[in-house]
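Proteins get letters first, then strands, A, B, ... in listed order; numbering begins at 1 in each.
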Amino acid sequence: MYQYDWSVISRNMDVFIEGALKTLEISAISILLAIPIGILFGLGRISKNKIVFIISSAYIEIMRGVPLLVLLIWIFYVLGQFFSLGSYWGSIAGLSLFAGAFIAEIVRSGIQGVPKGQMEAARSLGMSHTKAMVHIILPQAFRRVLPPLASQFIMLIKDSSLISVIAASELTLAAKNLVATSFRSIEVWTFVALIYFIMTFSLSLIIRYFEKRLLKGEA
Amino acid sequence: MITIKNVNKSFGDHHVLTDVSLEVPKSNVIALIGPSGAGKSTLIRTINALEPVDNGEITVDGISIHDKKTDINVARTNIGFVFQSFNLFPFLTALENVTMAPIKVKGMSKEEAEKRGKELLASLGLADKFDAYPNRLSGGQQQRVAIARALAMDPQVMLFDEPTSALDPEMVTEVLDAIRKLAKDGMTMVVVTHEMGFAKEICDEIVFMAEGKIVERAAPSKFFTNPDTQRAQDFLSKVLNH
């Protein structure tokens, strides 16, 4: 019978906290980079310029067609030949490029979801296509994409556990190492799962609150 | 003020406008009426290039609208357009809707744009609605904000594409009153409408369209009592019997 010893948790609380903070840090940086990447390629996906369209579509299809695990390993080892990528920045590069593709699709559907009449009204007032996009269309598109965008951030926090395979220090790697030294696999992994859950659930509550405030002006 | 010359337009195989020509002198008000599918909305949308034309020429205040060399954004600052479905910007208040274009397109200062915007909204009976979001406004109020928004750019021409068709009957009057006032103030206007009484009252000329062509043009008094063409007579007999 497995003998439970939950004291391994209390004795190593600092390890867990540090790991959780690192996870949040890496996830936050990645999502902040992924958003402009996603906007860029999302706009490229609906561009009338053939070259821009093809490049954007190719990027999105590749990122969505390759498993994140493989992508992270690829970026770390293959790209690491040309640039000196530590596991920290290698993880961030992999995570942000990966999430960027999904955000691109979210941005595209957000933009295309804005009613056609909005662009017509903006143009009728003398706004150029660019001004209309910046002042009228994108603000509405962004409000529309907030729920799926928030989900992407939460998914990123969970996906970040994969960067442990390229030895990036974050929560999952910390857990692996602790299990290796303490042999308390059930206790440690249970507690780690709980930490991930607390992080993602708290975030979804916070996001729900801000969504309500931001959308107060609309039906 | 507006010249439309031999305009043709097709959507694929469907010929929507056939050789349409029309002149709207300054300060005149034209009502475009006719059955559905006649091309009235398409025609009014070609005036500010919301729809391109296959051939023909349209000039507004001396500017050729469909000429490739024309800066259409500049031309459009002189043409106000009011949509059937209002198309207010939902994430902006009424005042912000009205001041957006003067600030971002004309480079007006926020203070000046707001001063002018408040005057316009107040003149349209919306003095207590400056900070209201569109989803808090009735249809009639939204359309009046839309009119203020178009007027804020100080256009020489106002185009109305069925401005009251999406409104509950009780709210039609308040919008028609607003348009009536503009007509009295000498604005050059083209109004696509089904409101025959309104058309008769404020327009200098009725332009009756059917199947993509202008079938008859006449002063309201003549058109509604004694139209020349059979097509116009058929239309009126169906429409005036409610």
Item to check | Any A:E120 side-chain heavy atom under 4.5 Å of B:R45 side chain | outcome: yes

Item to check | Rounded distance [0.5 Å steps], CG in A:L125 versus NZ in B:K104 | outcome: 14.0 Å

Next on the checklist: Once rounded to the nearest 0.5 Å, what's the spacing between atom CZ of B:F89 and atom CD1 of A:I137?
Outcome noted: 8.0 Å

Checklist entry - Counting heavy atoms not belonging to A:L205, are there more than 12 under 6.0 Å from its CG? => result yes

Next on the checklist: Rounded at 0.5 Å granularity, tell me how far CG in B:N87 sits from CE in A:M119.
Outcome noted: 12.5 Å

Checklist entry - Do other residues, nucleotides or ligands put more than 12 heavy atoms under 6.0 Å from A:E18 CD? => result no

Next on the checklist: Tell me whether A:Y209 at atom OH has more than 12 heavy atoms from other residues, nucleotides or ligands lying less than 6.0 Å away.
Outcome noted: no

Next on the checklist: So for atom NZ, which belongs to B:K106, do other residues, nucleotides or ligands contribute more than 12 heavy atoms lying within a distance under 6.0 Å?
Outcome noted: yes

Next on the checklist: Just verifying a value: how many Å separate B:I72 CD1 and A:H129 NE2, rounded to the nearest 0.5 Å?
Outcome noted: 15.0 Å

Checklist entry - Heavy-atom distance under 4.5 Å between the side chains of A:K131 and B:N73, does that happen here? => result no

Checklist entry - Counting a contact as any heavy-atom pair under 4.5 Å apart, which residues of residues 147-166 of chain B contact chain A? => result B:R149, B:A150, B:M153

Checklist entry - Tell me, do B:I79 and A:S124 make a side-chain contact under 4.5 Å, heavy atoms counted? => result no

Item to check | Among B:F83, B:F86, B:F81, residue most engaged with chain A (heavy-atom pairs, under 4.5 Å) | outcome: B:F83

Item to check | A:R123 and B:N48 side chains, donor-acceptor separation under 3.5 Å | outcome: no

Checklist entry - Should the heavy atoms of other residues, nucleotides or ligands under 6.0 Å from CD of B:E23 be counted, would the total exceed 12? => result no

